[in-house]
Number of protein chains: 2
Amino acid sequence: MKPTIREVAKMAGVSISTVSRVMNAPDTVVESKRSRVIEAIEALKYQPNAFARGLIYKKSFTLGLLIPDIENMYFAGVIRGVQDACIKLGYSLMICNTDRDKERTLSYIDTFHEKQVDGVVFASDILYPEYYEKLVGCRIPFVLVSSHSDEYEVASVEVDDEKAAYDAVKFLIELGHREIGMIGFNHDNSVSGPPRVAGFVRALTESGLERNAGKIKYANHRFEQAYQASHDLFTAYPELTAVFCVADEFAMGTISYLKDRNILVPGQVSVIGFDNLRMSGMFIPKLTTIAQPIYQLGYRSAEKLHELLTDGTVSVMKEKLEHKLIIRESSREK
Amino acid sequence: MKPTIREVAKMAGVSISTVSRVMNAPDTVVESKRSRVIEAIEALKYQPNAFARGLIYKKSFTLGLLIPDIENMYFAGVIRGVQDACIKLGYSLMICNTDRDKERTLSYIDTFHEKQVDGVVFASDILYPEYYEKLVGCRIPFVLVSSHSDEYEVASVEVDDEKAAYDAVKFLIELGHREIGMIGFNHDNSVSGPPRVAGFVRALTESGLERNAGKIKYANHRFEQAYQASHDLFTAYPELTAVFCVADEFAMGTISYLKDRNILVPGQVSVIGFDNLRMSGMFIPKLTTIAQPIYQLGYRSAEKLHELLTDGTVSVMKEKLEHKLIIRESSREK
DNA sequence: TTTAACTTAGAAAAGCTTTTCAAAGCGATT
DNA sequence: AATCGCTTTGAAAAGCTTTTCTAAGTTAAA
């Protein structure tokens, strides 16, 4: 089996206390013994047992990350950010893909509880009361990323969805478009759904384009759904010359649909996305989009969780990171 | 703090042994006490401490997963597969993104060792001797997915790369193409690089097209690199009417390049990819490709690891899963 | 009625580390 | 020479659970 501190002690001819001290407070043990101990540790490839340490410290130095859909490219970036922050801060990371399934999410929280993760970052999904109750019931500190809660007092880091949507639509208007539609997230399973239509409506209203405010179809996070939604949108409103899509994946779905209908993008219709996935620059045409600082979102959320864990509180509760308009090839002046 | 078995025992008015028995062998404790204990457990939301259990069982019921590049869409699928298998088999999963960095990979193995993961699945990367030595030095059982080792006796599950590449090129030939090039993986940091050029060459040779065997440029896993490689390929061999790309991301890079050069795909040049990413059906044009059973690859690798952990050995050492040709829009008869 | 065989429950040990406490050793000060 | 104070080390306890062992209590059989 794996060597224990006992065997290291025996090999070095000292007590286990001394071995422990060599690892945790090296300068309290005299040089001669210290080097003998270090030799023994290396010879045996000794690695202290995390279970025993966990028992003492009551900490696992592990964080949990709950992801709604790992096949959504958006999350690859936030995972990288969270993981890099974890490395910097000395945590391990346990990533779980919930598929937006309530039961599964709850069961992962149980696992986190059992494994004694120090905290969890909860990504992009709605914080349902069940989740909240369970998390606080298990006394697990947590933060939200790309999400927030109106009901509860929970730390979060995200983008200003309303403003970002506003900027996207404003851009389309400045390009000269007057007939503008939108493909949005279903409100009942997304947190950014409502603020993004709010931004859409505000930009429209501000320019006297209220008549477009209802030209919205909703989809459920996936390409195929957005394809279908575009179909519904364009059969209902064939006059549209621009579409605001609340996700790059939706923009791709919309463009695919338009392509199949032989409608040119951006020749006849301009499409703007949201997220700036790595894929957006690879698509044909390259997507004009609102860039979220995806990696930073993940990174900051882990830092914030760390702050919560060490200080017991967090300096800014609802943190907003900056979005940015990226102009590429899927949009054009009207 | 979190409640312990002691507090449950006190609340139920029994000894801690009884509580433990209720959880692990319920029928050895009399109904009246059992129900009192269950009540107490629920009232306190008691969850046994995984550290204490780990100390006893010498198992963490946690697996580690080493991923080279989490932003590569290929891995989203294998992660899902591994994770679903883990749920079925009762393991938790610790996913680590190595960025193909040796030091980082080694350091993750240390973490796995310290956290006492029961085993690790190692994805898609070359099993360098350092990795192998460290893993066996730490006595951590492991399996390879989308990879294999010629040097060492390690269980693996992957696709038959040579055959798959052969099938791809054969398909191009049957379409009537005679001038065929390839965008491959750099041999020095990929395991599937060499077998895929072998398949390319075999298909060519079989049809008397050896003259094409050298028309290969190499790229390093990413779109941008494939774009550049396509540039090199087509300036060196402008006669090409078809390209075999060893990854869908490469195919997208190639098509992007061709598009920028106003070369029609599939009108003038046919492109076939490899992987069948979820994205491949979303791209314009939709990619003809060799589908890997990505999810199953992940799923099987976790099952295999489980087999290794429970039986101490594995029934089939080098397992191959079936690939499949998917014909979509990026290829056309010559 | 007594003994044998079970059933049920508690005490205690084991698993590995860190940390506290006490003791030993040593130099220096009075 | 004796005491003080500091450094260095080891013994032991604590952290939480599972499991073994033992004891007590119950039922059935002789």
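Only a predicted model underlies this, so the values are computations on that prediction, with no experimental measurement involved. Here is how names work: the chains are called A, B, and so on, in the same order as the sequence lines, proteins then strands, and each is numbered from 1.
The closest donor-acceptor contact from the side chain of Ser60(B) to the backbone of Gln116(B) lies under 3.5 Å. In terms of modelled atom types and a separation under 3.5 Å, the side chain of Arg36(B) and the main chain of Ala12(B) share a donor-acceptor contact. Glu307(B) places a side-chain N or O within 3.5 Å of a backbone atom of Ser315(B) that can act as its donor or acceptor partner.
Taking the side chain to side chain donor-acceptor pair (under 3.5 Å) definition, one finds that Glu319(B) meets it with Arg300(B), Lys304(B), sequence neighbours left out. Among residues two or more places apart in sequence or in another chain, the side chain to side chain donor-acceptor pair (under 3.5 Å) test is passed with Arg222(B) by Asp69(B).
Protein chain B contacts DNA chain D over a range whose 5' and 3' limits, counting nucleotides with an atom under 4.0 angstrom from a non-hydrogen atom, are dC16(D) to dT20(D).
A distance of 7.5 Å separates CG of Asn97(B) from CG of Asp84(A), quoted to the nearest 0.5 Å. Taken to the nearest 0.5 Å, the CG atom of Leu106(B) stands 11.0 Å off from the OG1 atom of Thr111(B). One distance of note links CG of Leu308(A) with OG1 of Thr313(A); it measures 7.0 Å at 0.5 Å rounding.
For the pair Asn24(B) and Ser32(A), nearest-nucleotide mapping onto DNA chain D gives the more 5' position to Ser32(A). In terms of position along DNA chain C, the nucleotide closest to Thr28(B) lies nearer the 5' end than the nucleotide closest to the other residue of the pair Ala52(B) and Thr28(B).
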**Request:** Show your working on side chain to side chain contact (heavy atoms under 4.5 Å, CB included) between Ser147(B) and Leu127(B) and close with a plain yes or no.
**Result:** CA-CA 8 Å; Ser147(B) 182; Leu127(B) 183 66; 5.5 Å; no
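Residue contacts for Phe51(A): at a heavy-atom cut-off of 4.0 Å it reaches no nucleic acid atom on any strand shown. Backbone-only engagement by Thr4(A) is indicated by non-hydrogen atom pairs under 4.0 Å involving sugar-phosphate atoms exclusively. Within the 4.0 angstrom heavy-atom criterion, only backbone atoms of the sugar-phosphate kind lie near Thr18(A); the bases stay farther away. In this structure, Ser20(A) reaches the bases: a heavy-atom distance under 4.0 Å links it to at least one base atom across the strands shown.
If you take CD1 of Ile16(A) and C1' of dT19(C), they are 11 Å apart, rounded to a whole angstrom.
Listed by first then second residue, pairs satisfying ring pair (Phe, Tyr, Trp, His ring centres under 6.0 Å) with a partner in residues 66-125 of chain A read Tyr91(A)-His306(A), Phe122(A)-Tyr131(A), not counting sequence neighbours.
Across the helix from dT1(C)-dA30(D) to dT30(C)-dA1(D), the helix axis at one end is tilted relative to the axis at the other end by 70° (nearest 10 degrees, each axis from five pairs).
Remark: Tyr46(A), Pro48(A) in residues 33-48 of chain A come within less than 4.0 Å of DNA chain C through at least one heavy atom.
Heavy-atom contacts from other residues, nucleotides or ligands closer than 6.0 Å to NZ of Lys10(A) number 12 or fewer.
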